[in-house]
Amino acid sequence: MKILNVAGARPNFMKLAPLVREMEARPGISALLVHTGQHYDTNMAGQFFRDLQLPSPYASLAVGSGSHATQTAEVMKRLEPVLEETQPDLVLVVGDVNSTLAAALTAVKLQIPVAHVEAGLRSRDRTMPEEINRLLTDAMADYLFVTEESGRENLLREGVDARKIHFVGNVMIDALEVFRPLWTASTIHRRLGLSAIEYGVVTLHRPTNVDDGRTLRDLIDALLEVSREIPLVFPVHPRTLSRLSSLNGTSSRLGHDVQASTPRGLRCVEPLGYPDFMALVAGARVVLTDSGGLQEETTALGVPCLTLRENTERPVTVTHGTNRIVGTSARRVVDETFRVLQSAGAAPPRPPLWDGHAAERIVTILARHGSEADAG
Ligand code: UD1
């Protein structure tokens with residue numbers, strides 16, 4: 001059985017690593033990797049391939065940045081000949097980025113079955129590009145692998161055939177476990193002067209938070225206020241960096257000195273690789289983020305997470321995890337962070353099936369269906 005796996009942007013790489021490993025360990029499965037190049041900088045893509053031991057891609061499509069239509073269309077145009085040449089039995093896509101949707105649409109039009117890992121998540125906010133990507137990818141997929149019960153419920157409500165839906169757990173948590181030796185060996189705390197002190201971690205990149213100057217300025221003011229109480233480390237996404245540099249006066253108030261031996265304030269650093277970033281998150285007193293995946297990783301690690309959004313497509317991180325949805329009002333962000341800093345709640349147990357074995361379950365299901373198709 002030949003499975004062609006599609007990677008596009010940073011949050012895809014850690015999800016694919018355990019899956020590709022599992023496929024490579026199974027006789028009878030041949031795994032190919034295609035990198036669309038939606039993310040292309042070393043610190044957004046290259047270092048993840050190295051650290052997560054992803055195989056060299058069979059094809060790199062080098063689509064780069066662009067508008068949604070351009071990026072989606074370029075992936076489709078460049079992937080189609082690769083699918084025609086390789087004739088895979090299945091195309092596997094993960095997550096909700098533009099490359100996910102583009103690859104699924106290209107495959108389905110060539111009548112190649114599609115597997116979607118991390119299916120069924122819904123924020124119900126159609127202004128999020130990812131929500132459109134999720135809805136459309138799920139409408140096309142033949143295998144829908146869900147991470148939490150809400151995923152199954154959403155898909156059934158949308159009329160997806162129950163036989164296509166498989167509740168398998170979370171491959172992002174598989175990556176956390178597979179690469180635990182790597183991230184526990186990281187020296188990031190020493191390099192940032194954070195050994196033996198309390199600190200928080202911040203990530204921000206959603207267009208709704210960073211593209212609007214006023215929202216971004218309010219959030220930065222809130223973070224600056226929090227950082228007078230506890231140092232905050234802020235690995236800055238390229239989208240956010242370009243918006244910050246156009247905000248008058250803001251960048252001069254942010255600390256850029258990565259070498260400082262005494263951490264203070266809001267410390268902006270380059271985007272970090274997987275081992276350094278997970279080490280930083282695992283040791284944090286609090287995480288403030290608008291990321292999707294980080295809500296899950298903090299839940300698995302038992303680290304309090306405040307999500308700077310009005311909604312989440314991952315409700316299990318709130319009902320069974322450490323996540324709270326706090327919105328983007330500066331006052332609320334500050335108050336909620338101080339509340340976390342004053343509390344010492346025990347971490348709840350992990351959500352069902354977030355046990356590090358999701359990739360095994362997924363590949364077992366795909367292999368079984370593959371051999372049934374051969375027999376038929
Ligand atoms: C994309 C995903 C988002 C995901 C995020 C993770 C979509 C619609 N969005 O958002 O779901 O959470 O990745 O990071 O697919 N850039 C660089 N170097 C890179 C990549 C991007 O400088 O390697 C800059 C470019 O200026 C680019 C901008 O970042 O225009 C945004 O990149 P893009 O891939 O369009 O969206 P993200 O905001 O990264």
Side-chain angles (χ1 to χ4, degrees), residues 6-16 35-50 52 57 60-76 78-79 93-106 116-119 121-123 125-138 172 175 201-212 215-216 234-246 268-274 277-278 281 287 289-297 307-309 311-314 317:
V6 180
R10 185 170 62 176
N12 293 163
F13 305 135
M14 58 295 269
K15 293 169 193 165
L16 278 172
H35 178 24
T36 68
Q38 176 173 344
H39 283 175
Y40 43 85
D41 285 343
T42 304
N43 61 17
M44 296 296 286
Q47 65 179 335
F48 288 83
F49 273 77
R50 251 192 341 266
L52 304 176
S60 293
L61 308 180
V63 299
S65 300
S67 69
H68 288 280
T70 303
Q71 207 169 50
T72 309
E74 285 302 325
V75 173
M76 293 184 70
R78 297 179 197 199
L79 182 61
V93 296
V94 295
D96 54 17
V97 301
N98 286 344
S99 299
T100 309
L101 168 64
L105 183 51
T106 313
H116 184 204
V117 173
E118 211 179 68
L121 298 179
R122 298 289 182 265
S123 66
D125 174 1
R126 289 201 181 202
T127 65
M128 274 181 95
E130 294 81 2
E131 182 73 354
I132 307 298
N133 294 343
R134 292 180 200 117
L135 281 160
L136 296 179
T137 304
D138 287 342
M172 193 127 186
V201 172
V202 177
T203 79
L204 282 179
H205 76 285
R206 294 260 158 240
T208 44
N209 281 345
V210 305
D211 287 1
D212 174 62
T215 309
L216 181 58
F234 182 10
V236 184
H237 186 282
R239 172 190 284 279
T240 312
L241 185 64
S242 76
R243 303 299 189 264
L244 277 177
S245 32
S246 56
C268 294
V269 300
E270 299 267 318
L272 295 169
Y274 186 78
F277 187 65
M278 288 327 305
V281 168
V287 169
T289 189
D290 60 8
S291 150
L294 198 41
Q295 297 170 44
E296 299 182 337
E297 287 161 330
T307 294
L308 311 185
R309 289 171 44 187
N311 51 54
T312 182
E313 59 288 331
R314 293 163 159 89
T317 61

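Note that ligands are numbered from 1 as they come in the structure, with each ligand's atoms numbered from 1 the same way.
- Looking at Arg309, Arg206, Arg122 one by one, the single match for salt bridge (charged side-chain N to carboxylate O under 4.0 Å, His left out) with Glu130 turns out to be Arg206.
- The aromatic rings of Phe13 and Phe48 sit tilted relative to each other, their planes meeting at an angle between 30° and 60°.
- Contact annotation for Met44 and ligand 1: only side-chain heavy atoms (C-beta onward) come within less than 4.0 Å of the ligand.
- The single protein non-hydrogen atom nearest to atom 20 (C) of ligand 1 is His39 CD2, 3.3 Å, given as residue, atom name and distance.
- Looking only at protein heavy atoms, the nearest one to atom 16 (N) of ligand 1 is Tyr40 OH, 3.5 Å.
- What sits closest to atom 11 (O) of ligand 1 on the protein, heavy atoms only, is Glu130 OE2, 2.5 Å.
- In this structure, Met76 and Leu105 have side chains that are in contact, with non-hydrogen atoms separated by less than 4.5 Å.
- In this structure, atom 2 (C) of ligand 1 lies nearest to the protein heavy atom Val97 CG1, 3.7 Å.
- Among protein heavy atoms, the minimum distance from atom 29 (O) of ligand 1 is reached at Arg239 N, 3.8 Å.
- No side-chain heavy atom of Lys15 sits less than 4.5 Å from a side-chain heavy atom of Val117.
- Which parts of ligand 1 touch Ser65 is read off a 4.0 Å heavy-atom cut-off, strictly below it: atoms 21 (C), 25 (C), 27 (C), 30 (O).
- Side-chain contact check for His237 versus Met44: some heavy-atom pair is nearer than 4.5 Å.
- When each atom of ligand 1 is checked for a heavy atom of Pro11 under 4.0 Å away, the hits are 6 (C).
- Of all atoms in ligand 1, numbered sequentially from 1 with element shown, those under 4.0 Å from a heavy atom of His68 are 8 (C).
- Given atom 7 (C) of ligand 1, the protein heavy atom at minimum distance is Gln38 NE2, 3.6 Å.
- Counting only heavy atoms from C-beta outward, the side chains of Arg126 and Ile132 approach each other to under 4.5 Å.
- Side-chain contact check for Leu79 versus Leu61: some heavy-atom pair is nearer than 4.5 Å.
- Counting atoms of ligand 1 from 1 in the listed order, those under 4.0 Å from a heavy atom of His205 are 4 (C), 5 (C), 6 (C), 12 (O).
- Taking the side chain as every heavy atom from C-beta outward, Thr100 and Asn133 never approach each other to under 4.5 Å.
- Taking the six-membered ring where the residue is Trp, the centroids of Tyr40 and His35 are separated by 6.0 Å or more.
- Counting protein heavy atoms only, atom 18 (N) of ligand 1 is closest to Asp41 OD2, 2.8 Å.
- Of all protein heavy atoms, the one lying nearest to atom 22 (O) of ligand 1 is Pro238 CB, 3.3 Å.
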